[in-house]
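Written out below as structure tokens is the structure these notes cover.
Lettering of chains follows the sequences in order, A, B, ..., and the numbering in each one begins at 1.
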Amino acid sequence: MTQTTAPAPPAAVLSQRFAQRAQRYLTRAAVILILAASGYWLISSFVDNPVLFTSSAVAGLQNGALFALIALGYTLVYGIIELINFAHGDLFMLSTMVAGFFITSFFGVTVSGASFLGWVMFLAALVGCMVFGASVNVAIEFVAYRRLRKAPKLAPLITAVGMSFTLLFFGLFFGGSAPTSNWASLLPQGALDLGGVRVEYKFFVIIAVAVPILLLMSWIVTQTRTGKAMRAVAQDQDAARLMGINVNRIISFTFGLGGALAGVAGIMYQQVIGTTRYDLGFQFGLIAFTAAVLGGIGNLTGAVLGGVLIGLVKGLNDGVGLGQAWSQTVVFTILILFMVFRPTGLLGQTVGEKV
Amino acid sequence: MTVSDIATVTQAPKQRRSFVKPSMRWPLGLLVAAVAFFLFYYFDTYFARAVPDQFSDFMHQWLPLLSVNEALVYVMCAVGLNVVVGYAGLLDLGFVAFWAIGGYTAGWLMSGFFHTLNFRFFGSAFTKVNEIPGIHINFWTVLVAAGLICALFGVIIGAPTLRLRSDYLALVTLGFGEITYEVFYNGNNVFGKNISNGTQGITPVDSVRFFGFDQTGALTWKDLGPFDALPKFVIFVGLAAIVMFASMRIREGRLGRAWLAIREDELAASSMGVPLMPTKLKAYAIGAVAGGIGGVAFAIHVSGVLPDRFRFDISITLLAMVVLGGMGNVWGVTIGALVLAWTNSTALPQVQKAITESGADVEVGTTLVVVGVALAVLGVVLMIRGVSGGLLPVFIGVLVVVIGGALLYKGPGTSFQFLVFGSVLVLMMLFRREGLIPEARTRLVLREQERTDAEGLGADMEDVAPELEALTDEAIHVGGVAPTQMIDGKETKR
Amino acid sequence: MTATVSTRTTAALTAESLTVRFGGLTAVNRISFDIPLGGIVSLIGPNGAGKTTFFNALTGLYHLAEGRVMLGDRNVTGLSPNKIANLGVARTFQNIRLFGLMTAEENVKVAMHGHMKSGVFSTILRMPWQRHEEKAAHDAALELLDFVGIGKTAGEYARNLSYGDQRRLEVARALALKPSVLLLDEPTAGMNPRESAIFTDFVHRVRDEKNVSILLIEHDMSVVMRVSERITVLDRGETIAEGGPADIKANERVIEAYLGKSGTEV
């Protein structure tokens, strides 16, 4: 009865042997060419100006950690209900604003600089942002996506775009259309000088926050009961339901987890970069999704790897490549190349569209 | 019988007879509206005394010519997007790219941009603008050129990506939209070459030579200047009509059937001899042609091209228009585009202006909050009572509260565009997926829930039954079977 | 065991050592098979034996790991499904896959896509030849619907048709491809014995009047035995028996495949 729905990759559905083989060779050639070209470019630009190169890479890593956090939110949700949650990037954007609100208005911090009290406030704001992100994401799922879980695929996608726009409204409403600045940072302000390469202390804070959170995530998903339930739901909702798993709760939990990560990314961005803008979420969201695809959508390690890689690519491009003006083009070109030639990403498994 | 036939027939009760064929109601209605609108502005401009002042003021405030022209451009693009999304079922979130490419085609071929060249082709070579060296090609030729170029880009973008799953396709198109924008935005220096003047844009583009009116309102043949919005209205209505007509004709033919089949079931369609990639590519290319025409029209409308007009929010706006009107139904999409474009350009600013001028933002805000809360409470009560349809009032109530709250918090200066388009998308998907003026088929399709996996499993089990029956029948001949053993042989659902 | 008699000259379709693999799983293993010209043959086997996979491989939906498919003298191996369909291999689906929101007539017309020529511009302008083609398609579609006995439902959405009519519509749609080979995937699934009996006659009529060779996948043994001129039995992706209905009924391996070796299965 189920043979027609056998898990054949979509490529096989349209088996055109010759075309496939030709495409395989072409892909291989293109990949080698691209790798060679980028390798050459990396080495030559490093030799050209090692200091600039390294600083760009550090800046890239810093962004990469944020991308990884956001990408995790995408990948978690996609892994479980196969939905590109377009609103996720905007949730991140709102989180940056909430972080700014917490620290500047709620705690009344006006002068940047670290102190013991500052760290306490930072942690409080961090928790606040996580709670904010989680609750908004859960609410969005509850309000908009839940009712469309069995609907044709176009419907939840369009709804996600609509939610993204709705969040954009709030961003524009609270943040205005100009970049918001004059926000104080609670993080240490100085920088290390490593042979001409300036590494800001904030960089270490980002790493110090991101890494444990990523580890925690992976622990939750792989070790806890809830994590196992999540994976079960991702595999087969109905079977999971039959096994006594509360599917709705697990999906809510997943959205909450993703939202919390967006909250973390939000406060880190606000504290490190110091400015935000209502359309930040659109850009970062797309880049983070690219990261998720790059690593293999649905794959947590992949999302982190993709985030760091995309961060590096973007950092290097901004610093020693085509320049910031073209960073979206570079990132999206990578997205498109991966989507077309390796939709499974670097670490992903073959996922066929459910026929 | 055509699609629109079916739509109208099912709506109209049989006993009511009318002069017009049901299939002609929409086109005639829109035509009458367009003619009336034209006549009003014609008399208003040239025979001002013939029109009552109050009426004239009202129209200028609430239905200004320029915003209607812009809405018509949106119609062209939305109808184009409808070919991709509504007909073929491919979600395209970067449609503005074609609009932009069409616009820049006009910019390149109808201005002094390439000032090192000096090429004229039936351009309106009599005005001062056209004394500047550059490429000056006739508007109608540029329309065709833009259509072709956009079709080409549609194929270029579509060829590698159309094999992707639907959600990936959405994302990739979004990416393409952004790349296009960035290329034009940074286009003053692409590897040392200037292809778009960057943020400056290309202005002005040449005027169109067309029928216009002189000061007395007499018909003349002239170059349309920035103030000749009325002749442009005629051009835009014509272009929109052509796009709509063509898209409906295609839909009724061989290609349209293939699109529908693909939208319904790709695998079955290909098994029935419909080539998937070429058919999808045609949807892309044809949609792109409409986008290109819209782009050229827009360049004429604002007499120039600026990259900032081609951001992702326009793509989403276009999607909202298609969704609001009803995916697949050209009339619905047209109305959706007109309504949303008008809301965006006229209604929202006018309402906000009215509130500002009256200084009643607190009152209006409070009223809205109260009404919204009341609606939401009503909805909740309905839901508790178990009445279906209680959710919609809750959603609308919350929306109204948000709007009212925004007014109270920040005054009428708030920009509500994102909220409007966002909630249109969400609300339509949640409550009326088939759109306000649905295509007859879509009304069925989107209402229904897809078969869940559990049901699928059940169906499989049902299928086993006759087979079991038959087997046990046969088995009696072959040598006695316990039916349960067959179930062991049953494949597990993958 | 595979007693395939190569009848190249009279075969409508020949599959030579067809193999399909999904990852490590070999779903169809070196199956050789042919459909004689004008014949009605059946493929049976327990669930999971690889029957539908074999079908999908024949129609180009799955990638072949090995083997080739000949349609008459023409090698169609590795062609895309739409090309194979237009060359004359039509099929129906096990779990009906009609275009639910298209009318019965439109469903049939979709399958004529490959035989029609009118392009975008002639469609927009409704050129005389385009109109003529549409008219011809319309007539042909109605004729086919009449042939399968559901002429009255031409204007109905496929999803609103009764189950039996949907099955018939699938056949009509497949016939619209003007096939030389018709593959029917469990056409009587969900039918009651009486309907199945009617269906048997129908299959003969299709073969005789439309000049097609037919391959059936069937679970309903009574149908299989009555209709087939030759039966091939698959189990776990391999051919375990082939022959006339009587031979198959008496074949021990077949019985074993269906019922399991006594004592080895619980």
Run A:M163 and B:L425 through side-chain contact (heavy atoms from CB on, under 4.5 Å) and show every step you take.
CA-CA 8 Å; A:M163 281 321 299; B:L425 287 174; over 6 Å; no

A:S327 and B:E182 have their tightest heavy-atom pair at N-OE1, 3.8 Å

Honestly, the part of B:V402 sitting under 4.5 Å from a heavy atom of chain A is side chain

A:R146 meets the salt bridge (Lys or Arg N to Asp or Glu O under 4.0 Å) criterion, sequence neighbours left out, with A:E141

So side-chain hydrogen bond (donor to acceptor under 3.5 Å, both in side chains) across residues 417-430 of chain B, not counting sequence neighbours, yields B:N344-B:Q417, B:S415-B:Q417

Given the side-chain rings of A:F170 and B:F418, with only the six-membered ring counted for Trp, is the space between their centroids under 6.0 Å?
-> no

Rounding to 0.5 Å, atoms CG (B:L171) and CE (A:M339) come to a distance of 4.5 Å

In this structure, CG of A:D279 is separated from CG of B:D313 (nearest 0.5 Å) by 9.0 Å

_Would you call the rings of B:Y168 and A:Y78 parallel, tilted or perpendicular, taking 30° and 60° as the class edges?_
tilted

Honestly, the part of B:L93 sitting under 4.5 Å from a heavy atom of chain A is side chain

Between B:V426 and A:A144, the two heavy atoms sitting closest are CG1-CB, 4.4 Å

Rounded to the nearest 0.5 angstrom, the CG-NZ distance for B:L91 and A:K153 is 11.5 Å

dist A:I158:CD1 -> B:L430:CG (nearest 0.5 Å) comes out at 11.5 Å

If one checks every heavy atom of A:V143 against chain B at 4.5 Å, the contacting part turns out to be both

The interface call for B:V323 against chain A, heavy-atom contacts under 4.5 Å, is side chain

Notebook entry, point to check: Would you say B:M428 and A:T159 make side-chain contact, with heavy atoms under 4.5 Å?
Noted result: no

Exercise. Taking side chain as C-beta onward, heavy atoms only, is B:F421 less than 4.5 Å from A:F169?
Worked result: no

So, the part of A:I84 with a heavy atom under 4.5 Å from chain B: the answer is side chain

Side chains of A:F165 and B:I316, heavy atoms from C-beta outward: is any pair under 4.5 Å? yes

When B:V172, B:I157, B:L164 are each screened for side chain to side chain contact (heavy atoms under 4.5 Å, CB included) with A:I336, the one that passes is B:V172

Cut-off 4.5 Å, heavy atoms of chain B, and the answer for A:T333 is both

So CG of A:L154 and CE of B:M429: to nearest 0.5 Å the spacing works out to 7.0 Å

**Asked** Side-chain contact, heavy-atom cut-off 4.5 Å: A:F173 with B:F416?
**Response** no

Most heavy-atom pairs under 4.5 Å with chain A, out of B:L391, B:L319, B:V424, B:T161, belong to B:L391

One option among A:F86, A:F332, A:W326 has the most heavy-atom pairs under 4.5 Å with chain B, and it is A:W326

Within residues 280-288 of chain A, the residues sitting under 4.5 Å from chain B by heavy atom, in sequence order, are A:F282, A:L286

B:F153, CZ: over 12 other non-hydrogen atoms inside 6.0 angstrom:
no

Under 4.5 Å to a heavy atom of chain A? For B:L419 that would be both

(request) Could you tell me whether a side-chain N or O of B:N186 sits under 3.5 Å from a main-chain N or O of A:A325, the two making a donor and an acceptor? (result) yes

For B:E178, the salt bridge (Lys or Arg N to Asp or Glu O under 4.0 Å) test, sequence neighbours excluded, returns B:R311

